[in-house]
2 protein chains.
Amino acid sequence: MVVQIDAEPSQEEIDRIFQALADATRRDILVRVIEREQSVSALAGAYRMSLPAVQKHVAVLERAGLVGKTRHGREQRVHAEPERLARARGVLDAFEALWRHRIDSMDALLAEGPTKEPKE
Amino acid sequence: MVVQIDAEPSQEEIDRIFQALADATRRDILVRVIEREQSVSALAGAYRMSLPAVQKHVAVLERAGLVGKTRHGREQRVHAEPERLARARGVLDAFEALWRHRIDSMDALLAEGPTKEPKE
DNA sequence: GATTTGTACAACCATTTGGTTGCACGTTAG
DNA sequence: CTAACGTGCAACCAAATGGTTGTACAAATC
């Protein structure tokens with residue numbers, strides 16, 4: 001088992017996380033495995049697509065680190081790794097912080113009085 | 001100007017939002033236009049790719065509703081639409097809520113006493 | 001041991017993505 | 001008016017996505 005050490009999420013890592021979340025089927029799989037750890041074929045039974053298609057979706061979630069697999073006999077149960085979701089939230093939080101900062105700057109400028117617009 | 005009415009984000013809408021966020025260039029464009037509204041060619045000057053490539057990235061962000069464009073003379077300035085970021089956050093919050101709910105359920109089960117643990 | 005079950009993987013296909021170049025058009029500047 | 005600038009769009013191309021079917025293999029069951 002590989003322990004996650006990297007504290008700094010690389011851009012490719014964030015790419016993979018958002019990419020994995022950009023599909024309704026994968027988001028649904030994530031919901032199901034958050035609620036209860038379950039096997040790939042159990043997951044596949046819930047959708048109208050073929051089992052290999054579901055396998056691929058799980059693989060995408062796994063490459064993003066959003067889920068992990070644990071072998072139980074011949075089954076391989078998929079479980080959620082919610083720490084990676086926190087990474088995605090961190091990115092969105094950074095955007096929101098930037099936004100608030102811009103609002104504050106605009107407030108400060110307006111408080112000083114509009115002297116001259118930089119106008120590029 | 002089209003006022004955003006839809007309170008219920010469709011799956012395709014969420015797809016587009018996360019898809020738009022799944023690229024480092026687009027996240028960087030988003031940062032820049034949050035900090036300051038600016039034209040497409042000004043954005044293009046910041047990257048080593050061609051201007052049409054940047055135009056396409058902006059178009060992806062625009063289809064996701066994360067940015068908007070306002071015409072100022074012959075320039076078309078790109079500005080952020082941070083309300084859509086809140087949509088993405090809402091999805092992540094829902095995942096986290098599910099996760100907390102599962103933790104609570106497990107706590108409740110453990111509080112009752114481990115009657116028959118499924119062996120993990 | 002033979003059969004079924006859960007999983008993995010390869011090959012294939014259609015569509016989308018992310019990039020390029022080139023052209024057209026409206027707006028501003030000289 | 002003419003030239004330059006900012007933008008949009010179409011055509012094209014390589015690579016990735018999202019799906020399929022088929023094959024192979026290990027574990028559980030009979």
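This structure is a prediction, so every number in the text was calculated from the model and none was measured. Only heavy atoms go into these numbers, but all of them, side chains included; no hydrogens, no water, no symmetry mates. We name chains A, B, ... by the order of the sequence lines, and we start the count at 1 in each one.
- Of the side-chain N and O atoms in A/Ser41, one or more sit less than 4.0 angstrom from OP1 or OP2 of C/dT7.
- Atom CD of A/Gln11 and atom C1' of C/dG18 are 17 Å apart (whole Å).
- In this structure, B/His79 places its NE2 atom where more than 12 heavy-atom neighbours from other residues, nucleotides or ligands lie under 6.0 Å away.
- Atom NZ of A/Lys69 and atom P of C/dT7 are 9 Å apart (whole Å).
- Taking every heavy atom of residues 49-61 of chain B and every atom of DNA chain C, pairs under 4.0 Å involve B/Met49, B/Ser50, B/Pro52, B/Ala53, B/Lys56, B/His57, by number.
- A/Arg71 places its CZ atom 13 Å from the C1' atom of C/dT5, with the value rounded to the nearest Å.
- Between the P atom of C/dG18 and the CG atom of B/Leu21 lies a distance of 12 Å, rounded to the nearest Å.
- Distances were taken from every side-chain heavy atom of B/Gln19 (C-beta onward) to each of D/dT7, C/dG18, C/dG6; the shortest belongs to C/dG18.
- Residue A/Gln76 is tested with A/Gln55, A/Lys69, A/Arg71 for a side-chain hydrogen bond (donor to acceptor under 3.5 Å, both in side chains); the sole match is A/Arg71.
- Side chains of A/Gln38 and A/Glu75 form no contact here, defined as non-hydrogen atoms less than 4.5 Å apart.
- Residues A/Trp99 and B/Leu85 share a hydrophobic cluster, clusters being chains of Ile/Leu/Val/Met/Phe/Trp/Tyr side chains in contact below 4.5 Å.
- Side-chain N/O atoms of A/Gln76 include one lying less than 4.0 angstrom from OP1 or OP2 on C/dA8.
- Taking atom CG of residue B/Asp23 and atom C1' of nucleotide D/dT17, one finds them 15 Å apart after rounding to whole Å.
- Residue-level contact check: B/Thr25 touches neither bases nor backbone, having no heavy atom under 4.0 Å from any strand.
- Side-chain contact between A/His101 and B/Ile34 is absent, with no heavy atoms from C-beta onward closer than 4.5 Å.
- Here the C1' atom of nucleotide D/dC30 and the CZ atom of A/Arg74 are 12 Å apart, to the nearest Å.
- Both A/Met49 and A/Val33 belong to a common hydrophobic cluster when Ile, Leu, Val, Met, Phe, Trp and Tyr are linked at side-chain heavy-atom distances under 4.5 angstrom.
- At whole-Å resolution of the value, CZ in B/Arg77 and P in D/dG8 are 14 Å apart.
- Contact between the side-chain N/O atoms of A/Arg26 and the OP1/OP2 oxygens of D/dG18 is found at a separation under 4.0 Å.
- Each of D/dT17, C/dA8, C/dT7 was ranked by its minimum atom distance to the side chain of A/Arg63; first place goes to D/dT17.
- Considering OG1 of A/Thr25 and CG of A/Leu30, their distance stands at 12.5 Å, rounded to 0.5 Å.
- As rounded to whole Å, 11 Å separates atom P of D/dG18 from atom CD1 of A/Ile29.
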